Asks: 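Before anything else, here's the structure in question.
Computed from a predicted structure; not experimentally measured. To find a chain, count down the sequence lines: A is the first, B the second, and so on, and within it residues start at 1.
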4 protein chains.
Amino acid sequence: MPRRTKLAPRKTPTQERSRATVDALVQATADLLVRDGYEKLTTNRVAERAGVNIASLYQFFPGKEALVAEVRRRHVEAQQVAMREAMTELRGQGLEATVRALVSMGVAAHAVNPKLHHALTEELPARVSRVGQPEEDPVLAEARKVFERLSVGVEDMERALWMVDTVAHAVIHRGVIERPGDLASGALTEELVTLLLRYLRRR
Amino acid sequence: MPRRTKLAPRKTPTQERSRATVDALVQATADLLVRDGYEKLTTNRVAERAGVNIASLYQFFPGKEALVAEVRRRHVEAQQVAMREAMTELRGQGLEATVRALVSMGVAAHAVNPKLHHALTEELPARVSRVGQPEEDPVLAEARKVFERLSVGVEDMERALWMVDTVAHAVIHRGVIERPGDLASGALTEELVTLLLRYLRRR
Amino acid sequence: MPRRTKLAPRKTPTQERSRATVDALVQATADLLVRDGYEKLTTNRVAERAGVNIASLYQFFPGKEALVAEVRRRHVEAQQVAMREAMTELRGQGLEATVRALVSMGVAAHAVNPKLHHALTEELPARVSRVGQPEEDPVLAEARKVFERLSVGVEDMERALWMVDTVAHAVIHRGVIERPGDLASGALTEELVTLLLRYLRRR
Amino acid sequence: MPRRTKLAPRKTPTQERSRATVDALVQATADLLVRDGYEKLTTNRVAERAGVNIASLYQFFPGKEALVAEVRRRHVEAQQVAMREAMTELRGQGLEATVRALVSMGVAAHAVNPKLHHALTEELPARVSRVGQPEEDPVLAEARKVFERLSVGVEDMERALWMVDTVAHAVIHRGVIERPGDLASGALTEELVTLLLRYLRRR
DNA sequence: CATGAATGAGTTTTCATTCAT
DNA sequence: CATGAATGAAAACTCATTCAT
């Protein structure tokens, strides 16, 4: 394992002023990421845009990957907050309600900050993007339980879960960009729910 | 629309010698892309690896984006060749055979050069990747005809096509990386075909 | 109007250390300009001669034009200082004394740093040279007042001023290079004064 | 004396085709000089614009200075042709007619190809510009004779000639750029003639 | 002769990162 | 801690010039 240190922030700012500095840096990173993409993201530009001295940047972050990692961490956090509501509905429901809830959660997650989301998923090189979030998706874990309880007629549960995850993500993700109207109207969601239910309801 | 010129090659090589040079450059680009990702791709490295003077590189390509564009062009070309066989099965078949053929084509396309495919789809920033291939997928066009002929019970044909496209791509794409075993055994394909058929067969 | 930004310095140095750096850069630019001409002036050479890292150069100047512009700015400043003395004589004098003073001022200006002056006026492409000093010559403004007060017998005052300006500049300018002896002895100055007086004294 | 060869053309083209090539190169050089200035003049660009292979360029010219020298040679030639008419009037006239003729010749020379003239005199670095035309101006030689015959009341004939030359050139040269209206109307010429006559007519 | 190709040697410019105060 | 300054290293791109066919 090489310097994974590259990804973690350096100092956790405790004082008031420092936190403002860090926030400015993270915000600037997000802005530049959205506007110009990862390629043109440089530590100098981030510092300049944040109105922070470049040396200060290095006081808190070991490099630009760490900045991006922090941006993603905060974004994921925000997404999880957004999902938490729909999450509750997940318990003790029937299959349709469950699937509907799962899809809603996905949509909610994508609605948090679509542009940043796009930048984080599409502009980032996979190497940068993938690192640091290998944990099992809590939503998937929850879904597994529900599906098992409902004894969905599926051969390989893991595979089915993977399919659902893959399909739902893809439809929502591409939908945000290519069919925003259908997403907003709920038509796309409906289509997705139909697809998933037909897939899961087997004899 | 800024200078799209950045993407087109500069000179088209006419002599034998220069064609070799260009090929070496394109090959080197592909190699480096696979090995180190787009981020670390530099014109200097490409030239060096190709054993070509940097100035020669610029004689034929205006920059690294053009190199990558050419790599992608060739890759897509190879994919289309690979798909052409399965393409023939598409005509005059029933729904299941059609869907099965479509999936096979997708798999075949992904089998051409998986590592390069991965690099081109995952490592490339969307800005770079998306540009220059806005043409309608010929496969989709074909699929539309078949579906219409079979009068698939679907409300909005375009949407359904989009769904099929999105879902199939996602499953195959992620499958290549995350479930290569299932793909090789045909299990994943079968699962995908099932899913698509259930989605398309409505009353 | 393209990025005129290319001409203005980037950062204004605040600390002692950086002021020295900037001075070294400007001085090196002037030296190289005099020695090798504008053509052979490169940012690398400037940085090297100044004993400054090339990146530091770009921290303060956006390119070589800005360096040259700064050199010129300082040179003009020095010239104006040199002219200020003779300037005082300009007030409340008769025509001859006035013309003599004007000529003296021109000579004084050209005496500041003849080699640099030559480099700036002869070696620089007009595009580079002309830009950024379109302001009305304060000397001319002064001369106009004097001429008007003396009610010089001239049809078109503006044209006459332009003539005087043009003629005086040319004689002094070419004189510095081609007839330095005559200039030093005062003979050329005398000739010029004679010429101007005869031109201005009409009935 | 270093490789003055740098300035002379290499081969004098005898065949039809070659002359066309050379002409295209010279013309392209002139065009680029006018449009983009000496700085951006490169052999590659000249060849490209002329529609001539770069290697062919080097068959006829040893470098870009030689190209420019040839452009200037042709321009001067054209100017001399243009001056030849007015030249004839120079013989056996009185002072005023002579001066008037001299000025006319200067104006005629500047009228040949003003833009190219400007490029050649203002954009070219002195080092490049000055080389290769050190010969005594035939016009000046002629003027000397006339002045001597008319026994103009001047102390130092050489100096006076130099003054006339300098002043006339400057007024016309700057006039072309800054007062084209006055030049076209003849007002500027008149002013210049007046100035010169008053200078030359002394007791 | 003409042409496509090739290239050594730059030139411009930027980046990530460190240092002294 | 913060900040202005500094810099090694390299990336992007160009130029004059030559060579093989």
Asks: Should Thr21(B) be listed as having a side-chain N or O under 4.0 Å from OP1 or OP2 of dA5(E)?
Replies: no
Asks: OP1, OP2 of dT21(F) versus side-chain N and O of Arg17(B): anything below 4.0 Å?
Replies: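 Indeed not, no polar side-chain atom of Arg17(B) lies that close.
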Asks: Relative to the 5' end of DNA chain F, which residue comes earlier, Gly63(B) or Thr12(C), by the nucleotide with the nearest heavy atom?
Replies: Thr12(C)
Asks: Looking only at side-chain N and O atoms, does Asn53(A) come under 4.0 Å of OP1 or OP2 in dG4(F)?
Replies: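 For Asn53(A), the contact criterion (side-chain N or O under 4.0 Å from OP1 or OP2 of dG4(F)) is met.
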Asks: Between P on dT11(E) and CG on Leu67(C), what's the gap in Å once rounded to a whole number?
Replies: 15 Å
Asks: Taking for each residue the nucleotide of DNA chain E with the nearest heavy atom, is it Ile54(B) or Lys64(C) whose nucleotide lies nearer the 5' end?
Replies: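 This one resolves to Ile54(B).
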Asks: Please determine whether a side-chain nitrogen of the Lys or Arg among Arg74(A) and Asp23(A) lies less than 4.0 Å from a carboxylate oxygen of the Asp or Glu.
Replies: yes
Asks: Which nucleotide sits closest to the side chain of Gln15(B): dA5(E), dA6(F), dG8(F)?
Replies: dA5(E)
Asks: Thr43(D) side chain N/O closer than 4.0 Å to the phosphate oxygens (OP1, OP2) of dA16(F)?
Replies: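 Yes, within the criterion.
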Asks: Tell me whether the OP1 or OP2 atom of dA5(E) has a side-chain N or O from Arg10(B) closer than 4.0 Å.
Replies: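 No, because none of the side-chain N or O atoms of Arg10(B) sits under 4.0 Å from OP1 or OP2 of dA5(E).
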Asks: Please tell me whether Glu48(C) and Asn44(C) have a donor and an acceptor in their side chains that are separated by less than 3.5 angstrom.
Replies: no
Asks: Any salt bridge linking Lys64(C) with Glu39(D)? Criterion: basic side-chain nitrogen under 4.0 Å from a carboxylate oxygen.
Replies: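 Looking at Glu39(D) together with Lys64(C), the answer is yes, because their closest N to O distance falls below 4.0 Å.
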Asks: Please state whether the phosphate of dT14(E), meaning OP1 or OP2, lies under 4.0 angstrom from any side-chain nitrogen or oxygen of Tyr58(C).
Replies: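 No, no such contact exists.
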Asks: Applying side-chain contact (heavy atoms from CB on, under 4.5 Å), run through Arg49(D) and Asp31(D) and close with a yes or a no.
Replies: CA-CA 9 Å; Arg49(D) 185 167 227 277; Asp31(D) 289 355; 2.7 Å; yes
Asks: Determine the contact category for Phe61(C): base if any of its heavy atoms lies under 4.0 Å from a base atom, sugar-phosphate if only primed atoms, P, OP1 or OP2 are that close, otherwise nothing.
Replies: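 Answer is nothing: Phe61(C) stays at 4.0 Å or more from every strand.
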Asks: Show your working on side-chain contact (heavy atoms from CB on, under 4.5 Å) between Arg35(C) and Leu32(C) and close with a plain yes or no.
Replies: CA-CA 5 Å; Arg35(C) 262 218 336 205; Leu32(C) 291 176; 4.2 Å; yes
Asks: Using a heavy-atom cut-off of 4.0 Å across all strands, would you classify Leu41(A) as base, sugar-phosphate, or nothing?
Replies: sugar-phosphate
Asks: Should the side chain of Asn44(C) and the base of dG10(E) be counted as holding a donor-acceptor pair, with the cut-off at 3.5 Å?
Replies: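 There is none.
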Asks: What heavy-atom pair brings Arg19(B) and Thr14(B) nearest, and what distance separates the two atoms?
Replies: NH2-O, 2.8 Å
Asks: What is the separation between atom CZ on Phe60(A) and atom P on dT18(E), rounded to the nearest whole Å?
Replies: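 My rounded result for the distance is 16 Å.
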Asks: Closest approach of Phe61(D) and Leu67(D), non-hydrogen atoms and distance?
Replies: CD1-CD2, 3.6 Å
Asks: Between P on dA5(F) and CG on Leu57(C), what's the gap in Å once rounded to a whole number?
Replies: 15 Å
Asks: Do Val46(B) and Val52(B) have side chains that get closer than 4.5 Å, going by heavy atoms?
Replies: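 No, too far: nothing below the 4.5 Å cut-off.
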Asks: Listed in order of residue number, which residues of residues 28-37 of chain A have a non-hydrogen atom at under 4.0 Å from DNA chain E?
Replies: none
Asks: Mind calculating the distance between CD (Glu39(B)) and P (dA11(F)) to the nearest angstrom?
Replies: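 Going from CD in Glu39(B) over to P in dA11(F) covers 12 Å.
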Asks: Between dG8(F) atom P and Glu48(C) atom CD, what is the distance in whole Å?
Replies: 13 Å
Asks: Gln59(B) has an atom CD; how far is it from atom P of dG8(E), in whole Å?
Replies: 13 Å
Asks: Is the phosphate of dA5(F), meaning OP1 or OP2, less than 4.0 Å from a side-chain N or O of Ser56(C)?
Replies: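 It does not, given that no N or O in the side chain of Ser56(C) lies less than 4.0 Å from OP1 or OP2 of dA5(F).
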Asks: Could you check Lys40(A) against Val52(D) and say which one's nearest nucleotide on DNA chain E is further toward the 5' end?
Replies: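 Looking at DNA chain E, the more 5' nearest nucleotide goes with Val52(D).
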Asks: Any side-chain N or O of Arg19(D) below 4.0 angstrom from OP1/OP2 of dC1(E)?
Replies: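 No, because none of the side-chain N or O atoms of Arg19(D) sits under 4.0 Å from OP1 or OP2 of dC1(E).
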Asks: Which nucleotide, if any, forms a Watson-Crick or G-U wobble pair with dT12(E), using both distances under 3.5 Å?
Replies: dA11(F)
Asks: Now, which nucleotide makes the Watson-Crick or G-U wobble pair with dA2(F), with each of the two distances under 3.5 Å?
Replies: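 Its partner is dT21(E) (Watson-Crick or G-U wobble, both distances under 3.5 Å).
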Asks: At their closest point, which heavy atom of Thr43(B) faces which heavy atom of Leu57(B), and how far apart are they?
Replies: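 Scanning both residues completely, I find the closest heavy atoms to be O-CD1, 3.4 Å.
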Asks: When you check the phosphate oxygens OP1 and OP2 of dT14(E), does a side-chain N or O of Thr42(A) lie under 4.0 Å from one of them?
Replies: no
Asks: Take the protein atom CD of Glu65(D) and the nucleotide atom P of dA16(F), then report the distance between them rounded to whole Å.
Replies: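 Spelled out: CD on Glu65(D) to P on dA16(F) is 11 Å.
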Asks: Over how many whole Å does the gap from Leu25(C) atom CG to dT12(E) atom C1' extend?
Replies: 15 Å
Asks: Please state whether the phosphate of dC15(F), meaning OP1 or OP2, lies under 4.0 angstrom from any side-chain nitrogen or oxygen of Arg45(D).
Replies: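 Indeed, a polar side-chain atom of Arg45(D) lies that close.
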